[in-house]
Amino acid sequence: MSDYSDSDKKQDMSVLHSMGYAQELERRMSQFSNFAVSFSIICILSGGINSLAQATAGAGGAAIGIGWPLGCFISFVFAVAMAQISSAYPTAGGLYHWGSILGNRFTGWLTAWFNLLGLVTVLGAINVGTYYFFMGSFGTPYFGLEDTTTTRIIFLAIITGAQALVNHMGIGLTARLTDFSGYLIFATSILLALVCLVAADSYDFARLFTFSNYSGEAGGNVWPQTSGTWVFLLGLLLPIYTITGYDASAHTSEETVKAAHSVPRGMVSSVLWSALFGYIMLCSFVLMIPNMDEAAKQGWNVFFWAMDAQVNPIIKDVLYLAILVSQWLCGLATVTSVSRMIFAFSRDGGLPASKALAKVSPTYRTPVAAIWVGSILAVLFVWGSSLVSIGETPVYTIVVSCTVIFLFFSFAIPITLGLFAWGSSKWDKMGPWNLGESMFKLFAVLSIVAMVLIFILGVQPPNDWALYITVGFLVLTGAIWFGFESRRFRGPPIGDEVARRQAEIAAAEKAVGQI
């Protein structure tokens, strides 16, 4: 990175030192790499395809033609508000620090747990999605594999272990692969769109703006029988669930050059480009579908059904391979995000075995223990939750429905605190990426409204257990905080504590070879 001068390096380290932290991680990520890590986690070729039935088996074509832009705008307002804060406080585990600095120890601690549990479960969910895509594209058709818990967990252990190993070996290798992932997602989504348009029998553009109601049996029971209005609103979960994970730009702040400038740009641009290319890809797919009524009946199998019916087998398999690689790289980037959150929370004593989890390898300059613990927890989560059911619903399905609620709560808490902290002693200095007070507060209010909508939609049947889990989590965290953590957990360094840490900072940087 020839444009990264010694002055830039000193500025990045000065900002980090001013918040009481050492430059233990290695700054190897360019502005594009910071964008690519969020773009890779969003991965329209993962959520956009694996969750497609939420639209096609809901409100039909209008769920894409109209619903996708609306849902993407909801994610966009969060990204813009978070970008403002990230420019002022560019640290690993950013959300946790924002929640602490703009609020207090409790709001930071709560934000950390919402974000951490959301990230661990979403890593598991992403790799489960990769497993089912593999089974539908190659596993069952070519290898005759059957979907069993054993097969699923072995597959998850292999691919998650590989993702952890790459992360272990340094941010340089991880950044190169996520950079490649960015280009691969762009190219594959455009290629898929072109293939769909060529394979389409006709171009019925009105289909993209035609409202249907495929809830119940008409849509393969993806959604319970409900009204046309509700099924359209529920279809917004497709873009909302897909366009998330852009907090990865904040989590990798301490590994990004010119972080105060690069992180907010990476966050916002990853959402915008994902929204645009996702819209082109999914609209093209809807136009290719031979019959919307028949497509809706396929439920969760709609993507494979339409591709089998319309696309040349060789071209189809080439696309499937590119999509599968993109989905694996999506999981790779998620391991990066999870591990940096664990690392950041642990260096302030927020987790059990914090000293080990906060340790950075002097060889690879990565938080090795945090990488492997986060990856193992994701696999164990899928394994354990797949074996237990509540009624006829596996606990895994119930918890995954909470995942995005937890993540968006971790976004909404610091944004809400920032709304009230702007201009106060808690937040009297803005970063170089600055919307201005009026614009930030507008996006903050929109984020709060959007959070209410996401929560209401996220706890509707068949995900109604998500309400009880979320409320139960809040009660449990409240009891743990007031019973134990309020006396033990000190939070990030603030005020005089920052000055007292300077000797520790110098020692920590020397230990990992930071010059």
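In this chain, numbering begins with 1 at the start of the sequence shown. Only heavy atoms go into these numbers, but all of them, side chains included; no hydrogens, no water, no symmetry mates. Just so you know, these numbers come straight off a predicted model, no measurement behind them.
Here the CG atom belonging to Leu177 is positioned 9.5 Å from the OG1 atom belonging to Thr336, to the nearest 0.5 angstrom. A distance of 11.0 Å separates OG1 in Thr477 from CD in Glu485, rounded to the nearest 0.5 Å. Here OG1 of Thr130 is found 7.5 Å from CD of Gln163. Values are rounded to the nearest 0.5 Å. Leu16 contributes atom CG, which lies 8.5 Å from atom CG of Asp12 (distance to the nearest 0.5 angstrom). To the nearest 0.5 Å, atoms OG1 (Thr334) and CD1 (Ile42) are separated by 10.5 Å. Between atom CD of residue Glu254 and atom CG of residue Leu25 there is a gap of 5.5 Å, rounded to the nearest 0.5 Å.
Taking 4.0 Å as the cut-off between side-chain N and carboxylate O, Arg28 and Asp179 do not count as a salt-bridged pair. Ionic pairing of Asp147 and Arg152 is present here: one or more N-O contacts between side-chain nitrogen and carboxylate oxygen are shorter than 4.0 angstrom. Using a 4.0 Å cut-off between charged side-chain N and carboxylate O, Glu255 and Arg340 make a salt bridge.
Results of the side chain to side chain contact (heavy atoms under 4.5 Å, CB included) test with Leu357 over Ile371, Val373, Val368 single out Val373 as the only residue that passes.
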Fill in: Test side chain to side chain contact (heavy atoms under 4.5 Å, CB included) applied to Ser86 and Ser253, step by step
CA-CA 9 Å; Ser86 72; Ser253 292; 5.7 Å; no

Item to complete: Could you walk me through whether Met451 and Thr416 pass side chain to side chain contact (heavy atoms under 4.5 Å, CB included), step by step?
Response: CA-CA 11 Å; Met451 184 67 248; Thr416 303; over 6 Å; no

Item to complete: Let me see the working for Tyr21 and Met13 under side chain to side chain contact (heavy atoms under 4.5 Å, CB included), right down to the final yes or no.
Response: CA-CA 9 Å; Tyr21 297 113; Met13 290 182 65; over 6 Å; no

Worksheet item: Under the ring pair (Phe, Tyr, Trp, His ring centres under 6.0 Å) criterion, do Tyr132 and Phe304 qualify, and how do the steps go?
Response: CA-CA 11 Å; Tyr132 279 113; Phe304 293 117; over 10 Å; no

Practice prompt. Could you check Leu95 against His251 for side chain to side chain contact (heavy atoms under 4.5 Å, CB included), going step by step and ending with a plain yes or no?
Written response: CA-CA 8 Å; Leu95 297 157; His251 289 309; 4.2 Å; yes

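Taking the six-membered ring for Trp, Phe489 and Phe106 have ring centres at least 6.0 Å apart. Checked against the 6.0 Å centroid criterion, the rings of Phe277 and Phe186 qualify as a close aromatic pair. For an aromatic pair to be called close, the ring centres must be under 6.0 Å apart, and Phe35 with Phe32 satisfies this.
What you find for Gly266 and Ser249 is that their closest heavy atoms are C-OG, 3.6 Å. A pairwise comparison of heavy atoms in Ile49 and Met281 identifies CG1-CE, 4.4 Å as the closest pair. Taking all atoms of both residues into account, the shortest heavy-atom contact from Trp113 to Gly350 is CZ2-O, 4.3 Å. Shortest non-hydrogen contact noted between Val77 and Ala450 is CG2-CB, 4.4 Å. Val257 and Ser30 get closest at one heavy-atom pair: CG2-CA, 4.0 Å. Across every non-hydrogen atom of Thr174 and Val166, the tightest pair is OG1-O, 3.5 Å.
Using modelled atom types, one finds no donor on one side chain facing an acceptor on the other under 3.5 Å when comparing Ser262 with Asn34. Checked by atom type, the side-chain pair Asn167/Tyr364 shows no donor-acceptor distance below 3.5 Å. Checking Glu509 against His17 by side-chain atom types alone, a donor-acceptor pair falls below 3.5 Å.
Atom CE of Met19 is surrounded by more than 12 heavy atoms from other residues, nucleotides or ligands within 6.0 Å. Other residues, nucleotides and ligands contribute only 12 or fewer heavy atoms inside 6.0 Å of the CZ atom of Arg490. Within a 6.0 Å radius of CH2 in Trp481, other residues, nucleotides and ligands contribute more than 12 heavy atoms. A 6.0 Å sphere centred on CH2 of Trp273 holds no more than 12 heavy atoms belonging to other residues, nucleotides or ligands. The environment of NZ in Lys359 is sparse: at most 12 heavy-atom neighbours from other residues, nucleotides or ligands sit within 6.0 Å.
Between Phe406 and Phe473, the ring planes are tilted. Angles from 30° to 60° get that label. The aromatic rings of Trp427 and Tyr89 are tilted relative to each other, their planes meeting at an angle between 30° and 60°. Taking the six-membered ring where the residue is Trp, Tyr246 and Phe408 present perpendicular rings, their angle passing 60° and hence far from 30°. A parallel orientation is assigned to the rings of Phe155 and Phe134, their planes being inclined by less than 30° (bins at 30° and 60°).
Using a 4.5 Å heavy-atom cutoff, the side chains of Tyr142 and Asp317 are in contact. Considering only heavy atoms from C-beta on, Leu417 stays 4.5 Å or farther from Lys426 through its side chain. A heavy-atom distance below 4.5 Å is not found between the side chains of Pro239 and Thr242. Side-chain contact check for Val80 versus Leu446: every heavy-atom pair is 4.5 Å or farther apart. Side-chain contact between Cys43 and Ile185: present, with at least one pair of heavy atoms (C-beta onward) separated by less than 4.5 Å. Phe78 places none of its side-chain heavy atoms less than 4.5 Å from the side chain of Thr244. Between Ser447 and Phe411, every side-chain heavy-atom pair lies at or beyond the 4.5 Å cut-off. The closest side-chain heavy-atom distance from Ser284 to Leu192 is not below 4.5 Å.
Without hydrogens or angle criteria, Ser137 side chain to Tyr320 main chain gives no donor-acceptor distance under 3.5 Å. At distances below 3.5 Å, not a single donor-acceptor pair connects side-chain atoms of Trp433 with backbone N or O atoms of Ala260. A donor-acceptor contact shorter than 3.5 Å is absent between the side chain of Thr178 and the backbone of Ala36. Between the side chain of Thr107 and the main chain of Asn104, a donor-acceptor pair closer than 3.5 Å is present. Side chain of Thr121 to backbone of Gly118: a donor-acceptor contact under 3.5 angstrom is found. Side-chain atoms of Ser87 never come within 3.5 Å of backbone atoms of Gln84 as a donor-acceptor pair (strictly under, hydrogens ignored). With Ser18 contributing its side chain and Val15 its backbone, the two residues share a donor-acceptor pair below 3.5 Å. In terms of modelled atom types and a separation under 3.5 Å, the side chain of Thr140 and the main chain of Leu145 share a donor-acceptor contact. A distance-only check finds a donor-acceptor pair linking the side chain of Trp98 to the backbone of Gly94 [under 3.5 Å]. Using a distance-only test at 3.5 Å, with no hydrogens or angles considered, no donor-acceptor pair links the side chain of Arg105 to the main chain of Ser100.
Annotation: cation-pi pair Arg27/Tyr4 absent, no NZ/CZ under 6.0 Å from the ring centroid and within 45° of its normal.
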